[in-house]
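When reading the values below, keep in mind they use all heavy atoms of this one structure, side chains included, and skip hydrogens, waters and symmetry mates.
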Amino acid sequence: QVANALLPGTIPISNLNRPSKPAALAMLARVYLSMSDYANAEMYAKSCLINYSSLMDYNQIVVTSKPFPFRSNQVNPEILYQSNMLVSTSVMKSIVNPSLLVDSTLYSYYATDDLRDSFFFTSTPSLKAGYSNQIFPFSGLATDEVYLIKAECEARNGDPAAKNTLHTLLVNRYKTGTLPADTATNVLNEVLLERRKELISRGLRWTDLKRLNDEGDEIVLMRTIGGMSYTLEPKSPLYVLPIPPDVIMLSGMPQNPR
């Protein structure tokens with residue numbers, strides 16, 4: 001909050017790894033959402049979008065079969081702050097590797113006319129690179145996330161504006177004139193589903209799972225690998241990351257319960 005008051009009001013387009021007021025407001029919205037403080041998350045999301053609200057119309061971008069679908073856009077107008085995940089070499093190679101398949105249930109949620117299907121996935125389907133335009137996954141801040149934070153908070157408040165906020169994003173993600181009529185009876189569930197679809201591979205799902213399970217959603221993760229089934233139950237201690245061995249060795253502190 002202190003930094004927000006000191007930062008420039010415009011985004012440094014040629015240096016997107018430098019902070020700005022819209023980026024600080026977006027980060028505040030993200031942090032408060034992770035804390036389930038929806039009043040503050042909504043306030044900062046709205047403040048961010050008042051300062052900067054640009055979205056890309058995917059209809060105006062030529063999609064390619066290559067793993068970097070947004071590279072033709074020299075400046076991505078949605079990015080508020082550019083940062084990428086730092087991952088191991090083996091994982092980096094797998095990000096755009098056809099052998100790394102996307103969860104079939106999640107993939108089934110993308111409708112035929114949803115342009116994100118061709119921008120986010122290969123035909124396998126495996127993930128293409130996202131807004132980072134390289135094999136390091138994007139972990140920065142962008143307006144699409146802020147719209148979704150605003151829509152979720154509005155939906156939780158019972159504010160009918162949630163549908164309009166979500167529509168503003170989705171009309172830029174579907175083929176022109178094909179966005180399905182809004183028939184959802186539970187706007188919050190619709191927003192949460194679109195959050196999964198839009199923000200895939202941005203490092204946000206883990207935090208979402210923890211906060212949603214804390215609120216009673218009881219989301220169970222199941223994976224079958226090599227014939228073995230693995231389950232992660234809500235509020236499992238496995239949600240807490242282990243303390244690195246060198247830290248334990250130097251400090252003598254106990255390992256987190258596993």
Measure the spacing between CG of N76 and CG of L16 and express it to the nearest 0.5 Å. 8.5 Å

Any side-chain heavy-atom pair from P242 and N256 closer than 4.5 angstrom? no

Within the side chain of N17, is there an N or O that forms a donor-acceptor pair under 3.5 Å with the backbone of S83? no

Exam field: side chain K128 to backbone S118, donor-acceptor pair closer than 3.5 Å: yes

Indicate, with yes or no, if the rings of F120 and Y107 have centres closer together than 6.0 Å. no

If you group Ile, Leu, Val, Met, Phe, Trp and Tyr by side-chain heavy-atom gaps below 4.5 Å, do I248 and V240 land in one group? no

Value for NZ (K235) from CG (D214), rounded to nearest 0.5 Å, stands at 5.5 Å

Quick check: does any side chain N or O of Y52 sit under 3.5 Å from a backbone N or O of P77, one acting as donor and the other as acceptor? yes

Identify whether M43 and Y32 are in the same connected component of the hydrophobic contact network (ILVMFWY, side-chain heavy atoms under 4.5 Å). yes

Smallest separation among heavy atoms of P180 and Y174, with atom names: CD-CE2, 3.6 Å

I'd like to know if V220 and L238 are part of one continuous hydrophobic network [Ile/Leu/Val/Met/Phe/Trp/Tyr, side-chain heavy atoms within less than 4.5 Å]. no

Indicate yes or no: at least one non-hydrogen side-chain atom of V102 is less than 4.5 angstrom from one of I200. yes

Any D208 side-chain heavy atom under 4.5 Å of R211 side chain: yes

How close do R116 and F121 get, heavy atom to heavy atom, and via which atoms? O-CD1, 4.0 Å

Heavy-atom side-chain proximity of R30 to Y44 below 4.5 angstrom: no

Scanning both residues in full, the closest heavy-atom pair of P257 with P237 reads O-CB, 3.5 Å

Return yes if some donor-acceptor pair links the side-chain N/O of T143 with the main-chain N/O of S54 below 3.5 Å, else return no. yes

Are the side chain of T165 and the backbone N or O of A161 linked by a donor-acceptor pair below 3.5 Å? yes

How close do L7 and P19 get, counting heavy atoms only, and between which atoms? CD2-CG, 3.9 Å

Any chance you could measure K150, atom NZ, to D159, atom CG, to the nearest 0.5 Å? 7.5 Å

For M85 versus G203, what's the shortest heavy-atom pair and its separation? CE-N, 3.2 Å

Taking atom CG of N51 and atom CG of L25, what is their separation to the nearest 0.5 Å? 5.5 Å

Do I149 and L169 sit in one hydrophobic cluster, given that two such residues count as connected whenever their side-chain heavy atoms are within less than 4.5 Å of each other, even indirectly? no

Within a strict 4.5 Å, meaning less than it, do heavy atoms of the H167 and L179 side chains meet? yes

Check against side chain to side chain contact (heavy atoms under 4.5 Å, CB included), M35 and N40: CA-CA 10 Å; M35 297 165 62; N40 274 313; over 6 Å; no

Check C153 against A41 and note the closest heavy-atom contact, atom names and distance. SG-CB, 3.7 Å

Main chain of T122, side chain of S126: is a donor-acceptor contact present, judged purely on distance under 3.5 Å? no

Measure the CG-OG1 distance between L115 and T112 for me, rounded to the nearest 0.5 Å. 11.5 Å

Any side-chain to backbone donor/acceptor pair from E78 onto M56? Under 3.5 Å, distance only. yes

Could you point out which residue of D114, D117, D144 forms a salt bridge (charged side-chain N to carboxylate O under 4.0 Å, His left out) with K197? D114

Take atom CZ in R18; do more than 12 heavy atoms of anything else shown fall under 6.0 Å from it? no

Has D217 got a side-chain atom pairing as donor or acceptor with I219's backbone, closer than 3.5 angstrom? no

Cation-pi check, R173 to F119: give yes when NZ or CZ is under 6.0 Å from the six-membered ring centre and within 45° of the ring axis, no otherwise. no

Side-chain donor-acceptor contact under 3.5 Å, Y147 with E194: no

What verdict does the side chain to side chain contact (heavy atoms under 4.5 Å, CB included) test give for L80 and C48, after you've listed the backbone C-alpha separation in whole Å, the side-chain angles of each residue and the deciding distance to 0.1 Å? CA-CA 10 Å; L80 301 166; C48 175; 3.8 Å; yes

Please check if the side chain of E154 supplies one atom and the backbone of P160 the other of a donor-acceptor pair under 3.5 Å. no

If you define the side chain from C-beta out and look only at heavy atoms, does anything of F138 sit under 4.5 Å from Q82? yes

Hydrophobic clustering (ILVMFWY, side-chain heavy atoms < 4.5 Å, transitive) - are V187 and L33 grouped together? no

Measuring from S132:OG to F70:CZ, what's the distance to the nearest 0.5 Å? 10.5 Å

Looking at N172 and T168, would you say the former's side chain and the latter's main chain have a donor-acceptor pair under 3.5 Å? yes

